[in-house]
Amino acid sequence: QVQLVEFGGGLVQAGDSLRLSCAASGRTFSSYTMGWFRQAPGKEREFVAGISRSGGGTYYADSVKGRFTISRDNAKNTVYLQMNSLKPEDTAGYYCGAASTISVPTTSQRYAYWGQGTQVTVSS
C-alpha cells in the first residue's frame, strides 16, 4: 500500500510555469507506475502524463505534449510534473496515482492509489 500527497499547485498567469510534486509513503515506491491526472469541475478525470517504474518510459496526453514533463526520483519517493507555458484550459485539480502495472495506464480505473489533489488555476 502507498499513500500519496501532492504539492505545488497555485494561481498563475498564462505562460507561467509550475512544478507539482507527489510524495509517496512506504518502501515500495519504485514498484509502482505513476501517473498524473487532472479533473476540471463537471468533467471526468483525464490522463495527463505517466511514467514507468524505472523512469525510463514517459507518456503524455496530446494536449500537454511539449509543455509538461513528468519525472521521478525513486530515492526520494517522489514524482514530479513540470508544467510550462500554462494555458487557462490547464486549470483543474491535479492528482497523482499509483498503479501496480508494468505498462503505463492512461485510464484512471487502473490506478489503485490516489492523492488528495492540488489545484492549478491559470488566468488569462
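Values reported hereafter were calculated over all heavy atoms of this structure, with side chains retained and with hydrogens, waters and symmetry mates removed.
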From Arg72 CZ over to Ser54 OG, what is the distance, rounded to the nearest 0.5 angstrom?
-> 8.0 Å
Is it the case that more than 12 heavy atoms not belonging to Gln119 sit under 6.0 Å from its CD atom?
-> yes
Val79, Val104: one ILVMFWY side-chain cluster at the under-4.5 Å cut-off?
-> no
Taking a hydrophobic cluster as the set of Ile, Leu, Val, Met, Phe, Trp and Tyr residues connected by side-chain heavy atoms closer than 4.5 Å, whether directly or through intermediates, do Val48 and Val120 fall within one such cluster?
-> yes
Which pair of heavy atoms, one from Leu4 and one from Cys22, lies closest together, and at what distance?
-> CB-SG, 3.9 Å
Look only at the side chain of Ser52 and the backbone of Gly57, and say whether a donor-acceptor pair between them is shorter than 3.5 Å.
-> yes
Could you pull out all residues at least two apart from Arg67 that satisfy salt bridge (charged side-chain N to carboxylate O under 4.0 Å, His left out)?
-> Asp90
Short question: side chain of Thr121, backbone of Leu11 - any donor-acceptor pair under 3.5 Å?
-> no
Transitively linked via ILVMFWY side-chain contacts under 4.5 Å: Tyr60 with Tyr80?
-> no
How many angstroms lie between CD in Gln13 and OG in Ser124, if you round to the nearest 0.5 Å?
-> 9.0 Å
Could you tell me the separation between the CG atom of Asp16 and the CE atom of Met83, rounded to the nearest 0.5 Å?
-> 11.0 Å
When you check the side-chain N and O atoms of Asn84 and Ser17, is any donor under 3.5 Å from an acceptor?
-> yes
Side chain proximity check, Val64 to Arg38, heavy atoms < 4.5 angstrom = yes
Tyr111 ring center within less than 6.0 Å of Phe37 ring center = yes
Tell me, do Glu6 and Trp36 make a side-chain contact under 4.5 Å, heavy atoms counted?
-> yes
Above 12 or not: heavy atoms from other molecules or residues under 6.0 Å from NZ of Lys43?
-> no
Spacing of Ser63 atom OG and Glu46 atom CD [to the nearest 0.5 Å] | 5.5 Å
Who are the side chain to side chain donor-acceptor pair (under 3.5 Å) partners of Tyr95, not counting sequence neighbours?
-> none
Side-chain contact, heavy-atom cut-off 4.5 Å: Tyr94 with Leu81?
-> yes
Gap separating the OG atom of Ser31 from the CG atom of Asn74, nearest 0.5 angstrom | 9.0 Å
Going only through I, L, V, M, F, W and Y residues with side-chain contacts under 4.5 Å, is there a path from Leu20 to Trp114?
-> no
Check whether any side-chain heavy atom of Arg53 sits under 4.5 Å from a side-chain heavy atom of Ile102, and report yes or no.
-> yes
For Ala98 and Val2, which heavy atoms make the closest approach, and how far apart are they?
-> CB-CG1, 3.9 Å
Below 4.5 Å, heavy atoms only, C-beta onward: do Cys96 and Gln116 meet side chain to side chain?
-> no
Side-chain donor/acceptor of Thr58 to backbone N/O of Ile70, under 3.5 Å = no
Answer yes if Phe47 and Leu86 sit in the same cluster of Ile, Leu, Val, Met, Phe, Trp and Tyr residues linked by side chain heavy atoms under 4.5 Å apart, and no otherwise.
-> no
Shortest non-hydrogen separation from Ser103 to Pro105 and the atoms involved = O-CD, 3.2 Å
Carefully, step by step, assess Thr101 and Arg110 under the rule side-chain contact (heavy atoms from CB on, under 4.5 Å).
-> CA-CA 8 Å; Thr101 59; Arg110 300 286 305 278; 3.4 Å; yes
Got a second to check how far Thr78's OG1 is from Met34's CE, nearest 0.5 Å?
-> 9.0 Å
Smallest heavy-atom separation, Ile51 atom then Thr33 atom, equals O-CG2, 3.3 Å
